K.L.:
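Here it is: the structure, laid out below.
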Amino acid sequence: MNILFLGAPGCGKGTQSKILIEKYGIPQISTGDLLREEMGSESDLGKKLKNIMAKGEFVDDELVLSLVSKKIESIECKSGFILDGFPRNLSQAKSLDILLNEMSKSIDHVLFIDVPDEVLIERCTGRLLCDTCDYIGNKDRGENVGDPCPVAKGTLYQREDDKEETVRNRLEVFKDQTQPIIEFYEEKGTLTKLIGGNDPKLLAGKISKIINI
Ligand code: AMP
């Protein structure tokens, strides 16, 4: 089962991917996570990525594609994978098609989660991550940067690109670059549009019915 999540930053792709991982054990390939790992190193590439990502701009297609192809070819993705954050433009979508064709694989479901801009901005600017585990905190729940994580021993922090100005830029980039992919997958007949709300479990239930496993 190969699944692709599409949607603007903060739409819930990451949360839904994690629910599917727990439910079905399908591994997630998040290009944002892979790039953040790379960014954490003090290498020249790490510094370059930090600069690009802090502005909410896209990283070079070739680099992202090479990270994704390594993952898809790995043994852990043998029985399926969830793509989160890739492809993000038409050129990446076409490259993914070529890559999957070569491996006699295809995407079974493209799930587009649609959420209004104002909700996305509120979610991204309010979200806090843990530097140790997968916990996602929220300023609306009274949590703050620097608080201890309630799950593990980590500390909560805000992603550099979750500052309001950058989030607005990321939304513009999404409309400009990523929106055209929706049509691309609609024409292939693999796309389902879902309306994202405030209840991740409800959305997860709808997704389970669609993917039917
Ligand atoms: P995300 O965690 O998916 O919101 O991604 C965070 C940032 O990583 C994005 O704003 C981009 O700078 C970069 N990024 C993630 N995925 C891609 C991609 N497929 N192509 C180009 N840049 C990406």
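Note that ligands are numbered from 1 as they come in the structure, with each ligand's atoms numbered from 1 the same way. Quantities reported herein were computed from a predicted structural model and do not represent experimental measurements. Residue numbers run from 1 in the order of the sequence given.
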K.L.:
Can you confirm, on distance only, whether ligand 1 has an N/O atom lying under 3.5 Å from any N/O atom belonging to I52?
P.N.:
no
K.L.:
Could you tell me which atoms of ligand 1, counted from 1 in the order shown, lie closer than 4.0 angstrom to a heavy atom of R36?
P.N.:
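What qualifies from ligand 1 is 2 (O), 6 (C).
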K.L.:
Should one rank K55, R88, E57 by closest heavy-atom distance to atom 18 (C) of ligand 1, which comes out on top?
P.N.:
R88
K.L.:
Salt bridge or not between D147 and R141? Use side-chain N to carboxylate O under 4.0 Å.
P.N.:
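Salt bridge: no.
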K.L.:
Is the shortest N/O to N/O distance between D33 and ligand 1 below 3.5 Å?
P.N.:
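Such a contact does not occur with ligand 1.
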K.L.:
Tell me: protein heavy atom nearest atom 22 (N) of ligand 1, and distance?
P.N.:
V59 N, 3.0 Å
K.L.:
Look at the side-chain heavy atoms of Ile, Leu, Val, Met, Phe, Trp and Tyr, link any pair under 4.5 Å apart, and say whether V110 and L194 land in one connected group.
P.N.:
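No, V110 does not connect to L194 through the hydrophobic network.
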K.L.:
Show me which atoms of ligand 1 lie under 4.0 Å from any heavy atom of R159.
P.N.:
1 (P), 2 (O), 4 (O), 6 (C)
K.L.:
Are any of the N or O atoms of M53 closer than 3.5 Å to those of ligand 1?
P.N.:
no
K.L.:
Just jot down the ligand 1 atoms closer than 4.0 angstrom to any heavy atom of R170, in number order.
P.N.:
4 (O), 10 (O)
K.L.:
With a cut-off of 4.0 Å, which atoms of ligand 1 are near a heavy atom of T31?
P.N.:
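So the answer, numbered in order with elements, is 15 (C), 16 (N), 17 (C), 19 (N).
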K.L.:
Is the shortest N/O to N/O distance between D84 and ligand 1 below 3.5 Å?
P.N.:
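By distance alone, the answer is no.
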K.L.:
Salt bridge between D97 and K94, side-chain N to carboxylate O under 4.0 Å?
P.N.:
no
K.L.:
For D140, is there an ion pair with R123 - N to carboxylate O distance below 4.0 angstrom?
P.N.:
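Between D140 and R123 there is no salt bridge, as every charged N stays at least 4.0 Å from the carboxylate O atoms.
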K.L.:
With side chain to side chain contact (heavy atoms under 4.5 Å, CB included) as the test, pick out the partner of S69 among L100, L99, L96.
P.N.:
L99
K.L.:
Could you list which atoms of ligand 1 come closer than 4.0 Å to a heavy atom of L35?
P.N.:
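Heavy-atom distances to L35 below 4.0 Å select 8 (O), 13 (C), 14 (N), 15 (C), 23 (C).
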K.L.:
Run the numbers for me: atoms of ligand 1, each under 4.0 Å from some heavy atom of Q92, listed by number.
P.N.:
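Per the distance check, 18 (C), 19 (N), 20 (N), 21 (C).
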K.L.:
Hey, which of L67, I29, L65, L4 is the one that makes side chain to side chain contact (heavy atoms under 4.5 Å, CB included) with F86?
P.N.:
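Between F86 and the candidates, side chain to side chain contact (heavy atoms under 4.5 Å, CB included) is satisfied uniquely by L65.
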K.L.:
Hey, are R168 and E164 close enough for a salt bridge, meaning a charged N less than 4.0 Å from a carboxylate O?
P.N.:
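Judged by the 4.0 Å cut-off on N to carboxylate O distance, R168 and E164 do form a salt bridge.
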